[in-house]
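One structure is given below, encoded as structure tokens.
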Amino acid sequence: MDLDTLRHSCSHIMAQAVKSLWPQVKLGIGPAIEDGFYYDFDRQQPFSETDLVNIEERMRQIIAKDAPFIRQEISKSEAIELFKQLGEDYKIELLKEIQDDVVSIYKTGEDFLDLCRGPHVESTGKIKAFKLLSVAGAYWHGIETNPMLQRIYGTCFATQEELDAYLKNLQEAKSRDHRKLGPQLEYFDIYYDEAGAGLVFYHPKGAILRRIIEDYEKDMHLKRGYQMVITPHIMQAGLWQTSGHYEYYRENMYTFKIEDKEFVLKPMNCPGHILIYKSKIRSYKELPLRLFELGTVYRHEKAGVLHGLLRVRGFTQDDAHIFCLPQQLGSEIKSIIEFVFATMQDFGFDEVGIELSTRPEKCIGSQTDWQIATQNLETALKEKGLPYDINLGEGAFYGPKIDIKLKDALKRKWQCATIQCDFALPKRFGLKYIDADGSEKQPIMLHRVLLGSLERFMGALLEHYAGALPLWLAPIQIVLIPIKEDFLEYSLQVKTELENAGFRIKLDSRNETLDKRIRQAELEKIPYILILGEREIKQHTVAVRKRGGGTTQIMGIEEFIGTAQKEVREKSPH
RNA sequence: GCUGGAGUAGCUCAGUCGGCAGAGCACGUCCUUGGUAAGGACGGGGUCACGGGUUCAAUUCCCGUCUCCAGCUCCA
């Protein structure tokens, strides 16, 4: 059976339950969504937890009746009259937007009717497993100036087993939440009261992870023909007026005045890279020119949109701008896509979702420019044989874009990489190159990030691995636990050997029981625990316990170093 | 920014229908020297988010502010 139909029917049953409990409530819309369904209601009082329980109970009664879903077609004017009688103002509004003269309504038994395109299951009894999950505000039609309705979210599956599995998955996602794991494992924290919301503090372990990621990126960019640049964090306002940000991005920018000069804390890296491009006359022979920067930017995001590491006010992008000839556009886009895929794979993400966003209504640039840009992006995806969804009109105002979202272990999507084609900034800044025939021409500019922001990516990593990072990324790779204080000397010797082999080591010689120190190392999610006692000293070995319990292996130190190095090498491209 | 819920020790949370603030973990000292997920004893630690108001008395009730959470809107 079609899951969407099932869920849609379930949302009708929920609406019916709500109407029967509170007849004065007005209905919005109630579609199936990716993981379930919702229905919007207009009600003065907020729905409480108890309300949800009562609604569920009423829904079960409706399902038990096994009332049929009956489709009826009536004229639009009849429908408007009908919903007027019912006092369903929002439905009337919907009806007025419908072009056709005939509309369909669905009756559930004799008790409930709703404007609906359908389809539905035959009868309410077909719903076997559902659950109401949460209630939240939502603007009517998603428009901020419209009244806010109350949206009840729920989900529904063909079988109870599938529903249970889904709920378990939700629970699992909650336990992996990077906002919990991050501070718990001492990667980062956000000091909301003291420092401010959306501003991330990397603690030592987070800083090591960040350094590993940064080193990886620098190496890879240099290998692929990018040049590293570094640009200032503050620049004068005039530059942002030229770029258009001052006009179009003002509410997100931190600005300040010193000695009558206005400065902007950079929200983007593009203008800086453009200045470097413009610093001299460029020949077509220099293109494509690829400038890369781990650029830290600050954007004043509204308080309500901030979310852990996913949405912050200060973050570092692995940002590059590629200045190229029109005929280079295709190959550049393709090589960026390859770069993205290689990077994702190295970090352990095997699945991605690709979206192509096209020209929005409000945009700059000629129709032809847009066509060329969109075509190039699309051709690149086709030539790579990659499946993608199209988001009509979702592009940036200066150009179309490809978004590559990575999927984590729980199949959740994370917006990271984006490739944007831009004709506008080259124009605004008057960028040029001298072509083969000696004439001045305008380069095309590609904006692109691979990981997006290092903050967001770190959040994705933590959740993907549930905090148990692979060996090459783990800030502490190996913990040494001497059983007794007497074995400290041997431990220090092993520590030095491992450090010389390039590992990040922690020695836990605290006066705590062995069990307790093992437990804490496991909770810290350190990949390897080496236990050192009398036996190991005598044989010059280590007792190796791999993260997650399991059996302990006695190995010579050299042997352990060999296998661990191999593990790092396999996962890390260094 | 909008709607709703919430803010008590470093963390996880009890509690006070208005009358001296509680536990476990973590931290400190001491005992314990342990072979693969929590050894024991004692101890320190709080402007009950912040600012007003009501009251003999407010952590508790009321108002405002900040922040978080679930969404909406927006986005790397």
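Each chain gets a letter, A, B and so on, in the order its sequence line appears, and its residues count up from 1.
Among the heavy atoms of the strands lying under 4.0 Å from Glu301(A) is at least one base atom, whether or not backbone atoms are also near. No contact: Val449(A) has no heavy atom under 4.0 Å from any strand. Residue Gly452(A) is in sugar-phosphate contact alone, with no base atom involved, counting any heavy-atom pair closer than 4.0 Å across all strands shown. Using a 4.0 Å heavy-atom criterion, one finds that Lys405(A) contacts no nucleic acid atom at all. Glu536(A) comes within 4.0 angstrom of a base, heavy atoms only. Residue Val312(A) is classed as a base contact, given a heavy-atom separation below 4.0 Å to a base. Counting any heavy atom pair closer than 4.0 Å across all strands shown, Gly142(A) reaches sugar-phosphate atoms only and no base atom. Within the nucleic acid shown, Leu523(A) comes within 4.0 Å of at least one base atom, counting heavy atoms only. The residue Phe47(A) sits apart from the nucleic acid: no heavy atom pair falls under 4.0 Å. Arg311(A) comes within contact range of at least one nucleobase, with a heavy-atom separation under 4.0 Å. Residue contacts for Phe315(A): at a heavy-atom cut-off of 4.0 Å it reaches a base atom on one of the strands shown. Nucleic acid contact class of Ala543(A) (heavy atoms, under 4.0 Å, all strands): base. At the heavy-atom level, Gln415(A) lies under 4.0 Å from the strands shown only through sugar-phosphate atoms. His300(A) comes within 4.0 angstrom of nothing in the nucleic acid, heavy atoms only.
The base-pairing partner of C74(B), taking Watson-Crick or G-U wobble contacts with both distances under 3.5 Å, does not exist among the strands shown. Remark: U59(B) base-pairs with no nucleotide; criterion is Watson-Crick or G-U wobble with both hydrogen-bond distances under 3.5 Å. When Watson-Crick and G-U wobble pairs are counted only if both distances are under 3.5 Å, C42(B) pairs with G28(B). The partner of U16(B) cannot be assigned: no Watson-Crick or G-U wobble pair with both contacts below 3.5 Å exists in any strand. Look at G7(B): its Watson-Crick or wobble partner, with both distances under 3.5 angstrom, is C66(B).
Rounded to a whole angstrom, the distance from the P atom of A70(B) to that of C13(B) is 14 Å. Between U73(B) and C2(B), the two C1' atoms lie 8 Å apart (nearest whole Å). Rounded to a whole angstrom, the distance from the C1' atom of G7(B) to that of G51(B) is 16 Å. Nucleotides A49(B) and U16(B), compared at atom P, are 16 Å apart to the nearest Å. The C1' atoms of C20(B) and A6(B) are separated by 28 Å, rounded to the nearest whole Å. For the P atoms, the distance linking G44(B) with C63(B) amounts to 40 Å, nearest Å. Comparing G22(B) with G46(B), their P atoms are spaced 13 Å from each other, to the whole Å. One P atom belongs to G4(B), the other to U8(B), and the distance between them is 22 Å to the nearest Å.
Between Gln520(A) and Ser453(A), it is Gln520(A) whose nearest contact on RNA chain B lies nearer the 5' terminus. Where Leu306(A) and Ile529(A) each meet RNA chain B at their nearest nucleotide, the meeting point lying more 5' is that of Ile529(A).
Judged by distance alone, with hydrogens and angles left aside, the side-chain atoms of Arg176(A) form a donor-acceptor pair with the main-chain N or O of His464(A) at under 3.5 Å. A donor-acceptor contact shorter than 3.5 Å is absent between the side chain of Arg151(A) and the backbone of Asp40(A). Remark: side-chain polar atoms of Glu293(A) are not paired, donor with acceptor, to backbone N or O of Met228(A) under 3.5 angstrom. At distances below 3.5 Å, not a single donor-acceptor pair connects side-chain atoms of Asn269(A) with backbone N or O atoms of Asp319(A). Under the 3.5 Å distance criterion, the side-chain polar atoms of Glu186(A) are left unmatched by any main-chain donor or acceptor of Pro183(A).
Taking both residues in full, the closest heavy atoms of Glu301(A) and Asn252(A) are given as OE1-OD1, 4.1 Å, listed atom of the first, atom of the second, then distance. Here the closest heavy-atom approach between residue Gly549(A) and residue Arg545(A) is recorded as CA-NH2, 3.4 Å. Heavy atoms only, all atoms of each residue included: His300(A) and Tyr254(A) are closest at ND1-OH, 3.1 Å.
Once you apply a 4.0 Å limit to the heavy atoms of chain A, the touched nucleotides of RNA chain B run 5' to 3' over G1(B) to A76(B).
The six-membered or imidazole ring of Phe130(A) lies away from that of Phe157(A), with a centre-to-centre distance of 6.0 Å or more.
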